[in-house]
Every structure is written in structure tokens, then in C-alpha cells.
Protein chains: 2
Amino acid sequence: MNLEKIINALNNPTRRNIVSWLRDRSNFPPALPEHADLEGVCVAYIQEKAGLSQSTISNYMGLLKDAGLVNSERHGQWTFYSRNESAIQAFISAVEKELI
Amino acid sequence: MNLEKIINALNNPTRRNIVSWLRDRSNFPPALPEHADLEGVCVAYIQEKAGLSQSTISNYMGLLKDAGLVNSERHGQWTFYSRNESAIQAFISAVEKELI
DNA sequence: TACAAATATCGGTATATTTCGATATATGAA
DNA sequence: TTCATATATCGAAATATACCGATATTTGTA
């Protein structure tokens, strides 16, 4: 758990939004039928929702992944990102421990 | 409650340390006798503990204050900073609400 | 009033972050 | 193998942050 990296990753409103949006698949367009049973959301959908360039979102997802806040799985040409719930919980606990 | 400002203020290890150190007065040298009944810690003590320049710490305390995480009270030539517990608690709650 | 101490503000340099467009890579399909 | 699609990486410009030393401000005291 790298608190420094996590706070850094969350020190940006779009990245916080992404983590929040990923709570609910219905924040994004429906998955393609062949992806129906896969977890996570592809980069293109996140990009569309965030309204920033493809490269920026790819970079953001890399930061969130590197911080451990999201998981990624590649399936064919797509990378699917989903929340890492236990890491998010651990982060909250760490903030409480460090601050409270 | 400006989450953006707060996360920004906490996106620095020294500033997080300061908020943490302020939990316990005994992290600093004893107060002068004439300040014995005052809440908070003066800038010089915080500076000494942090090991950064006076201007940097003054700036940091301004950021923490502006974010609402600390209170300040001026008494004579001294400014005493103390934690704003309710703001800290509100921040934790906001992070939970936004992320969890 | 003059001085010293504590803190705040200013101006600057080095470094980091934001965000983009262009390009590279990987993969499925024709 | 060639092409199109999805994603990742690169290089750059604009902006923000981390700190510092120097200076200004405030206040108590000689």
C-alpha cells in the first residue's frame, strides 16, 4: 500500500470520478454481447464519459492501476478496468489511521 | 468543505505529518509558561520538527488553514495552529462517500 | 522610538503534473 | 498479409508545486 501514490492518483477530479463511476456499470454504455460476462469497463467508454483524450485516459488508468486502485484485464484488443475494492478500503483505513 | 483543496493540501508527506503531529502536543517542545493555557503549536516548533525552512512551513500552514484542516489563533507575535477535528472527520466522510 | 523576535509574503529556480497530438503496439478480421 | 480497431507510449507546451533566501509585517519590550 503506497499511500503517496494513491493520494497522488486521487489528487485529480477526473480520476476520482473514474473510480466513482466504476462503482456502477450502468454509468457506461452496455457492454458488447461478447463481453457480457467480463468484469470492468473498456478505456474507450471511460474516455467518452470523461471527455478527455484517449492518451490522457490511458495515462490516468495507468496511474490508478499503479496506485492499486483498479485492476485491469486484457481481453483481445480491449483492456477492462474495474475497481480494486479491498485496496480502496485499505486506503480509507490508512487515511483514518494517519489523520485521525 | 472543499475536497479538492483538502486533497491537495494532504498531497504532501510533510503536511500530512504536521496534521498527524498536531494530534499530540507532546510531539513538540513544551509551551512557554505564558502560553500554557493556549491551544495549538507555534510555527517555529512545527518548523523545527519538520526540518524545512520557516517560509516553507508558514506557507504549508497557510495551505492547511485554507483547506480548513487546521485552526489558527494569533497571540502576540505567535500564531498557534491546532487541528480542526470536525473538518478532518468531514473530509474522511466525504472521501468515503465519493469513493466507496 | 528603536530593536528584536515570530510569522507572513515575495520572487525565483527546479521539478512535477496536465493534457494534447502523433506514433507505436497488439489483436481480430478480411 | 493487410487493414482496422483498441490501447499504450512518446514528446512537448502550459501550468502547478516544492522549496528556498530575502524582505515585509506585526507585536512586545528596552
Side-chain angles (χ1 to χ4, degrees), chain A residues 2 4-19 22 28-35 38-67 69-82, chain B residues 2 4-19 22 28-35 38-67 69-82:
Chain A
N2 187 331
E4 192 66 22
K5 265 190 191 174
I6 294 180
I7 293 186
N8 232 296
L10 293 176
N11 192 29
N12 173 290
T14 300
R15 290 195 295 263
R16 286 198 301 281
N17 281 337
I18 291 171
V19 173
L22 287 174
F28 302 94
L32 298 176
E34 62 267 39
H35 298 149
L38 298 176
E39 247 213 306
V41 178
C42 69
V43 175
Y45 285 3
I46 299 171
Q47 184 206 336
E48 186 188 347
K49 178 109 182 157
L52 293 172
S53 76
Q54 187 270 324
S55 64
T56 296
I57 296 303
S58 181
N59 174 40
Y60 281 9
M61 297 318 295
L63 290 174
L64 291 171
K65 172 105 204 278
D66 192 44
L69 294 168
V70 300
N71 306 118
S72 71
E73 270 186 68
R74 190 158 240 251
H75 289 276
Q77 335 162 240
W78 290 271
T79 304
F80 295 89
Y81 286 96
S82 57
Chain B
N2 187 331
E4 192 65 21
K5 265 190 190 173
I6 295 180
I7 294 186
N8 233 297
L10 294 176
N11 192 30
N12 174 289
T14 299
R15 290 196 295 263
R16 287 198 299 281
N17 281 337
I18 291 172
V19 173
L22 288 174
F28 303 94
L32 298 176
E34 62 268 38
H35 297 150
L38 297 176
E39 247 213 308
V41 178
C42 69
V43 176
Y45 285 2
I46 298 170
Q47 184 207 335
E48 186 188 347
K49 177 108 181 158
L52 294 172
S53 77
Q54 188 271 324
S55 64
T56 296
I57 297 303
S58 180
N59 173 40
Y60 281 9
M61 297 319 293
L63 290 174
L64 291 171
K65 172 104 203 281
D66 193 44
L69 293 168
V70 300
N71 306 118
S72 72
E73 269 186 69
R74 190 158 240 251
H75 289 276
Q77 336 161 240
W78 289 272
T79 304
F80 295 89
Y81 286 96
S82 57

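Keep in mind that what you see is a predicted model, and the values were worked out from it rather than measured.
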Using a 4.0 Å cut-off on protein heavy atoms (strictly under), produce a 5'-to-3' string for nucleotides 5-16 of chain D with B for base contact, S for backbone-only sugar-phosphate contact, and - for none. BSBBB-------

Taking only residues two or more places apart in sequence, or in another chain, which ones meet Arg15(B) in a salt bridge (charged side-chain N to carboxylate O under 4.0 Å, His left out)?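 In terms of salt bridge (charged side-chain N to carboxylate O under 4.0 Å, His left out), with neighbours along the sequence ignored, Arg15(B) is linked to no residue.
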
Sequence neighbours excluded, which residues qualify as salt bridge (charged side-chain N to carboxylate O under 4.0 Å, His left out) partners of Lys65(B)?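 Scan of Lys65(B) (salt bridge (charged side-chain N to carboxylate O under 4.0 Å, His left out), adjacent residues dropped) gives none.
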
Heavy atoms of chain B, cut-off under 4.0 Å: which first and last nucleotide of DNA chain C, 5' to 3', fall inside that, if you could look?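 Span of nucleotides near chain B: dA5(C) to dT9(C).
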
Who pairs with [X] by side chain to side chain contact (heavy atoms under 4.5 Å, CB included), at least two apart in sequence or on another chain?
{"X": "Gln54(B)", "result": "Gln47(B), Ser58(B)"}
{"X": "Asp66(B)", "result": "Lys5(B)"}
{"X": "Ala44(A)", "result": "Cys42(A)"}

What integer distance in Å separates [X]:[atom1] from [N]:[atom2]?
{"X": "Ile18(B)", "N": "dA18(D)", "atom1": "CD1", "atom2": "C1'", "result": "13 Å"}
{"X": "His75(B)", "N": "dT26(D)", "atom1": "NE2", "atom2": "P", "result": "18 Å"}
{"X": "Ile7(A)", "N": "dT17(D)", "atom1": "CD1", "atom2": "C1'", "result": "16 Å"}
{"X": "Leu64(B)", "N": "dT17(D)", "atom1": "CG", "atom2": "P", "result": "14 Å"}

According to ring-ring contact (aromatic ring centres under 6.0 Å, His included), who are the partners of His35(B), at least two apart in sequence or on a separate chain?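 Result, ring-ring contact (aromatic ring centres under 6.0 Å, His included) vs His35(B): Trp78(B), Phe80(B).
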
Listed once per pair and sorted, the salt bridge (Lys or Arg N to Asp or Glu O under 4.0 Å) pairs that draw on residues 38-63 of chain B, sequence neighbours left out: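 Residue pairs with at least one partner in residues 38-63 of chain B: there are none.
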
Between Asn11(B) and dT17(D), does any side-chain N or O lie under 4.0 Å from OP1 or OP2?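 No, Asn11(B) has no side-chain N/O under 4.0 Å of OP1/OP2 on dT17(D).
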
Ignoring hydrogens and angles, tell me if any N or O in the side chain of Tyr60(A) forms a donor-acceptor pair with the backbone of Ala9(A) under 3.5 Å.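 Answer holds: no.
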
